[in-house]
Chemist: 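Sharing a structure here in structure tokens format.
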Amino acid sequence: MPSFNFVLLTIVGTGVVTWLSRIIPFVVLKKFQLSKGVIEFLSFVPIAIMSALWFENIFVQHIGHLPSIEWGNFLASLPNVASAIISKNLLVIVIVGVISLGVIRLLMG
């Protein structure tokens with residue numbers, strides 16, 4: 001069993017690394033001016049990340065076969081996508097997603 005100090009140092013270390021990985025880009029970019037092309041390219045990054053996460057959770061990979069659809073996640077994502085289009089509010093999207101996935105999992109048993 002790991003010692004308390006090891007667990008504590010691990011938690012603190014991962015917290016510092018996470019914090020630094022989020023703060024350093026702001027500090028570095030504060031000193032430089034990015035070109036319009038780079039800014040335009042970076043504007044697509046959140047869309048690409050969300051699409052990758054969405055497709056990863058909807059489709060289930062089967063080696064040697066086409067992927068199948070995870071119907072619970074797919075059905076729960078429909079009201080979530082609708083709420084994203086309508087509200088464009090992250091809090092609303094997260095709440096609708098959690099509630100819709102909970103309802104779908106409750107109904108599907």
Chemist: Between atom CZ of Phe44 and atom CD1 of Ile49, what is the distance when rounded to the nearest 0.5 Å?
Modeler: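 With rounding to 0.5 Å, CZ (Phe44) is 14.0 Å from CD1 (Ile49).
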
Chemist: Counting only heavy atoms not in His65 (residues, nucleotides, ligands), do more than 12 fall under 6.0 Å from its NE2?
Modeler: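 Not more than 12 within 6.0 Å, no.
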
Chemist: With side chains defined as the heavy atoms from C-beta onward, is the minimum distance between Glu56 and Leu53 less than 4.5 Å?
Modeler: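 The answer is yes, as the side chains (C-beta and beyond) meet within the 4.5 Å cut-off.
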
Chemist: Assess the residue pair Leu66 and His62 against the criterion (side-chain contact (heavy atoms from CB on, under 4.5 Å)); give the C-alpha distance rounded to whole Å, side-chain angles, the decisive distance to 0.1 Å, and a yes or no.
Modeler: CA-CA 7 Å; Leu66 292 173; His62 304 286; over 6 Å; no

Chemist: Tell me whether Val60 shares a hydrophobic cluster with Phe55, the cluster being built from Ile, Leu, Val, Met, Phe, Trp, Tyr side chains joined at under 4.5 Å.
Modeler: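 Shared cluster, no.
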
Chemist: Among Thr10, Asn5, Ile11, find the residue that satisfies the side chain to side chain contact (heavy atoms under 4.5 Å, CB included) test when tested with Val7.
Modeler: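 When Thr10, Asn5, Ile11 are each tested with Val7, the side chain to side chain contact (heavy atoms under 4.5 Å, CB included) holds only for Ile11.
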
Chemist: Determine whether Leu75 and Phe59 fall in the same hydrophobic cluster, where Ile, Leu, Val, Met, Phe, Trp and Tyr are linked whenever their side-chain heavy atoms lie under 4.5 Å apart.
Modeler: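 Yes: a chain of side-chain contacts under 4.5 Å links Leu75 to Phe59.
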
Chemist: Please give me the minimum heavy-atom distance between Ser100 and Ala76, naming the atom from each residue.
Modeler: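 Residues Ser100 and Ala76, closest heavy atoms: OG-O, 3.0 Å.
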
Chemist: Is there any side chain to side chain donor-acceptor pair (under 3.5 Å) pair reaching into residues 70-94, and which pairs are they, with sequence neighbours excluded?
Modeler: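 For residues 70-94: Trp54-Ser77.
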
Chemist: Quick one, Leu42 and Leu34 - any side-chain contact, counting heavy atoms below 4.5 Å?
Modeler: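 Yes; the side chains approach each other to less than 4.5 Å.
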
Chemist: State the CG-CD1 distance between Leu29 and Ile39, to the nearest 0.5 angstrom.
Modeler: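 Atom-to-atom, Leu29:CG and Ile39:CD1 are 9.0 Å apart.
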
Chemist: Distance from Thr18 atom OG1 to Ile23 atom CD1, nearest 0.5 Å?
Modeler: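 Separation between the atoms: 11.5 Å.
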
Chemist: What verdict does the side-chain contact (heavy atoms from CB on, under 4.5 Å) test give for Ile63 and Gln61, after you've listed the backbone C-alpha separation in whole Å, the side-chain angles of each residue and the deciding distance to 0.1 Å?
Modeler: CA-CA 6 Å; Ile63 305 291; Gln61 178 183 3; 3.7 Å; yes

Chemist: Any chance you could lay out the side-chain contact (heavy atoms from CB on, under 4.5 Å) test for Ile86 and Val92, step after step, and finish with the verdict?
Modeler: CA-CA 10 Å; Ile86 293 168; Val92 171; over 6 Å; no

Chemist: Would a hydrophobic clustering, with Ile, Leu, Val, Met, Phe, Trp and Tyr connected at side-chain separations under 4.5 Å, put Trp19 with Val12?
Modeler: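 Linked, Trp19 and Val12 end up in one cluster.
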
Chemist: Is there a path of hydrophobic side-chain contacts, each under 4.5 Å between heavy atoms of I, L, V, M, F, W or Y residues, that connects Val28 with Leu20?
Modeler: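 Hydrophobic grouping puts Val28 with Leu20.
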
Chemist: If Ile, Leu, Val, Met, Phe, Trp and Tyr residues are connected whenever their side-chain heavy atoms lie under 4.5 Å apart, and connections chain through other members, are Phe74 and Ile104 in the same group?
Modeler: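 Result: yes, single cluster for both.
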
